[in-house]
Amino acid sequence: MSHSVVITRTTTTTTSTSHLVLNTGYLRTTPGLLKLAQLIIGAVNVGLVAYYIRRYPTSGLPASAEFFFLLMAVAFLVGTFCLLASCLVSLSTGGIISKTIYELVYHTIAFLLYLIASIMLLVDVTNGRYYHTIKDAYMAAAILGLIVSALYLFSALLAQRSYRGI
């Protein structure tokens, strides 16, 4: 009984200077665009609230709504940056990580906590606890927070569709 075997030989050439390969094609996908939008809006939220929380401290309570919102915005800004950076630097990460449960869990938690933080800030703003200048900035941050939480919900739905439970 005979069988045939195919041997493929691949030659790679490396140079002494290393270069970084970016998977820019990931930014053309829906999950890539969502992560980029979450990152940009999250950075705007952090910038807005961090500026006004330092410049116009409204309460000495560490558990205030604006502090909780800032905490959630920073946490998910860092997490989303790490996810996006790993998908951009590695050619295979974008395709592999979407098949795990990590993205589903991450985006679901981000949606819930960002939504809670945005609603808490929105309620505080509408109750008239802030001066006019701060009120406008925090209202914008709360609305942007609702938008980014909707983006996280959409990302969670996409992650649920592509998740392959093994």
I'd like a table of donor-acceptor pairs (distance under 3.5 Å, sequence neighbours excluded) in which one partner is a side-chain atom from residues 69-87, with atom names and distances.
residue: T80; atom: OG1; partner: F76; partner atom: O; Å: 2.7
residue: T80; atom: OG1; partner: Y106; partner atom: OH; Å: 2.9
residue: T80; atom: OG1; partner: Y152; partner atom: OH; Å: 2.5
residue: S86; atom: OG; partner: C82; partner atom: O; Å: 3.1
residue: S86; atom: OG; partner: L83; partner atom: O; Å: 2.9

Open item on the list: Do L33 and V89 land in one hydrophobic cluster if side-chain heavy atoms of ILVMFWY residues count as linked below 4.5 Å?
Closed with: no
Open item on the list: Between L115 and L146, is there a side-chain heavy-atom distance shorter than 4.5 Å?
Closed with: yes
Open item on the list: So, taking the atom named OG1 in T24 and the one named CG in L88, what distance separates them when rounded to the nearest 0.5 Å?
Closed with: 8.0 Å
- [ ] Mind checking the CE-CG spacing from M139 to D136? Nearest 0.5 Å is all I need.
- [x] 8.0 Å
Task: Between CG on residue L34 and CD on residue Q38, distance to nearest 0.5 Å - done: 6.0 Å
TODO: Of all the heavy-atom pairs spanning V49 and E66, show the shortest one and how long it is.
DONE: CG1-O, 3.6 Å
Task: Residue list, side chain to side chain contact (heavy atoms under 4.5 Å, CB included) with I101, at least two apart or on another chain - done: L104, V105, Y163
Open item on the list: Restricting to side chain to side chain contact (heavy atoms under 4.5 Å, CB included), what partner residues turn up for T29, sequence neighbours left out?
Closed with: Y26, P31
Task: Pairs where residues 107-122 contributes a residue and the test side chain to side chain donor-acceptor pair (under 3.5 Å) is met, not counting sequence neighbours - done: N45-Y114
Open item on the list: Considering only residues two or more places apart or on different chains, which pairs with a residue in residues 33-46 satisfy salt bridge (Lys or Arg N to Asp or Glu O under 4.0 Å)?
Closed with: K35-E103
Open item on the list: Just to verify, what does I40 make a side chain to side chain contact (heavy atoms under 4.5 Å, CB included) with, not counting sequence neighbours?
Closed with: L36
Open item on the list: Which heavy atom of L121 sits nearest to which heavy atom of A141, and what is that distance?
Closed with: CD2-CB, 4.3 Å
